[in-house]
Amino acid sequence: MATHPGEHHHPSPLQYVKIAILLAVLTVIEVALFYVNEAADMRGWDAPLLIFLAVLKFVIVVGWYMHLRFESSTLSKFFTAGFILAIILYAVMLLTFGVIALGS
Amino acid sequence: MEAAAAMDHHDQHESTGIDHRKLGMWVFLSSEFLFFGALITNYLLYQGQPGFARPYPAEIYDIPFTSFSSFALLMSSLTMVLAHNALARRDQHATRTWLLATAMLGSVFLGGQVFEFTEFISVSGMKLTTNPAASAFYLLTGFHGFHVLLGVLMLLTLYGISRRQGELSEASGLNLELVGLYWHFVDIIWIVIFTVVYLLASAPVGVG
């Protein structure tokens with residue numbers, strides 16, 4: 001909890017609300033990008049932009065709502081290790097089966 | 001004697017400097033990346049494979065509706081963290097209110113998923129065995145929904161304990177933190193699913 005000695009101060013309720021507004025805005029941009037791409041072909045730019053926005057939302061929730069940026073680095077290492085392992089494992093699989101490709 | 005026993009108990013829990021239950025939860029969540037990663041990869045492998053019966057999931061998504069339920073789940077992370085914050089301030093009433101709000105938003109998401117599945121099956125005719133992409137879609141989103149359901153049950157249990165005891169004790173406070181971590185994790189997994197499975201969806205060429 002936030003009251004443990006040695007821990008950093010967590011954000012205030014107002015800061016949490018501001019973060020939620022930011023997450024909502026990012027979601028609106030994501031959905032808007034989807035429709036922009038439907039209306040006018042973005043020539044493949046939609047995918048990297050959507051992935052960037054998803055990663056941004058992911059990092060915000062993990063860092064601030066899950067408090068990982070305020071926690072011990074041991075927890076960060078465990079969590080990040082699982083994430084990176086999964087990304088590498090499944091990226092290799094998707095590359096192998098040609099679902100994604102390196103370069104054009 | 002009792003003090004020594006208490007010290008031993010304390011050491012068992014704090015030998016890493018981190019509460020073992022908390023460390024266990026983070027390791028569990030880390031392992032869940034592999035679980036959901038497998039299901040997402042499975043979907044990506046099959047979503048574009050032609051030659052099967054229609055419709056494919058990408059042909060029948062209702063993006064405005066799914067955006068709404070995604071928004072509800074995203075905002076439930078706010079109410080969850082506000083419940084955690086309220087307990088840290090020892091505001092038991094606010095803690096209960098935010099816990100209930102989180103459970104309700106989770107239920108809205110679950111209701112949306114039930115509605116979506118019903119529409120897909122009965123209106124669009126995309127059943128579990130219609131094509132491999134449909135199977136992968138139901139497996140992925142169904143397992144995520146199951147995780148949300150477990151989260152809602154845990155939230156309601158904490159709410160019930162708080163109502164019955166009049167307050168959440170310090171031990172229950174850790175439980176709330178662990179449930180909160182689980183809940184936020186379910187949210188971040190949906191952030192990935194919403195982008196990769198819905199917004200970046202594609203049906204086989206020549207279909208749809």
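Note: hydrogens, waters and symmetry copies are ignored here, and every other heavy atom, side chains too, is used. Only a predicted model underlies this, so the values are computations on that prediction, with no experimental measurement involved. We name chains A, B, ... by the order of the sequence lines, and we start the count at 1 in each one.
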| said: Between B:Thr195 and A:Lys57, is there a side-chain heavy-atom distance shorter than 4.5 Å? | reply: no

Scored by heavy-atom pairs under 4.5 Å with chain A, the best of B:Ala38, B:Ser31, B:Ala86 is B:Ala38

Practice item. Go through the steps to decide whether A:Asp46 and B:Leu200 satisfy the test side chain to side chain contact (heavy atoms under 4.5 Å, CB included), and finish with yes or no. Key: CA-CA 8 Å; A:Asp46 59 319; B:Leu200 291 173; 4.2 Å; yes

From the list B:Asn85, B:Val81, B:Leu78, side-chain contact (heavy atoms from CB on, under 4.5 Å) partner of A:Pro13 resolves to B:Asn85

Is the B:Trp26 to A:Phe79 ring centre distance short of 6.0 Å?
yes

From the list B:Pro64, B:Ser67, B:Ser70, side-chain contact (heavy atoms from CB on, under 4.5 Å) partner of A:Val31 resolves to B:Ser67

Worksheet item: When you look at B:Tyr198 and A:Phe34, which way does the ring-ring contact (aromatic ring centres under 6.0 Å, His included) test go after all the steps?
Response: CA-CA 10 Å; B:Tyr198 285 86; A:Phe34 171 81; 9.7 Å; no

Considering residues, nucleotides and ligands other than B:Phe35, do more than 12 of their heavy atoms fall under 6.0 Å from its CZ? yes

Okay, A:Leu89 and chain B: the region with an atom under 4.5 Å from a heavy atom over there is side chain

When the 4.5 angstrom heavy-atom criterion is applied to A:Tyr90 and chain B, the contacting part is both

Taking CZ in B:Phe143 as the centre, count heavy atoms belonging to other residues, nucleotides or ligands within less than 6.0 Å. Is the count above 12?
no

Is the number of heavy atoms from other residues, nucleotides or ligands within 6.0 Å of CH2 (B:Trp190) greater than 12?
-> yes

Is any side-chain heavy atom of A:Glu71 closer than 4.5 Å to a side-chain heavy atom of B:Ile18? no

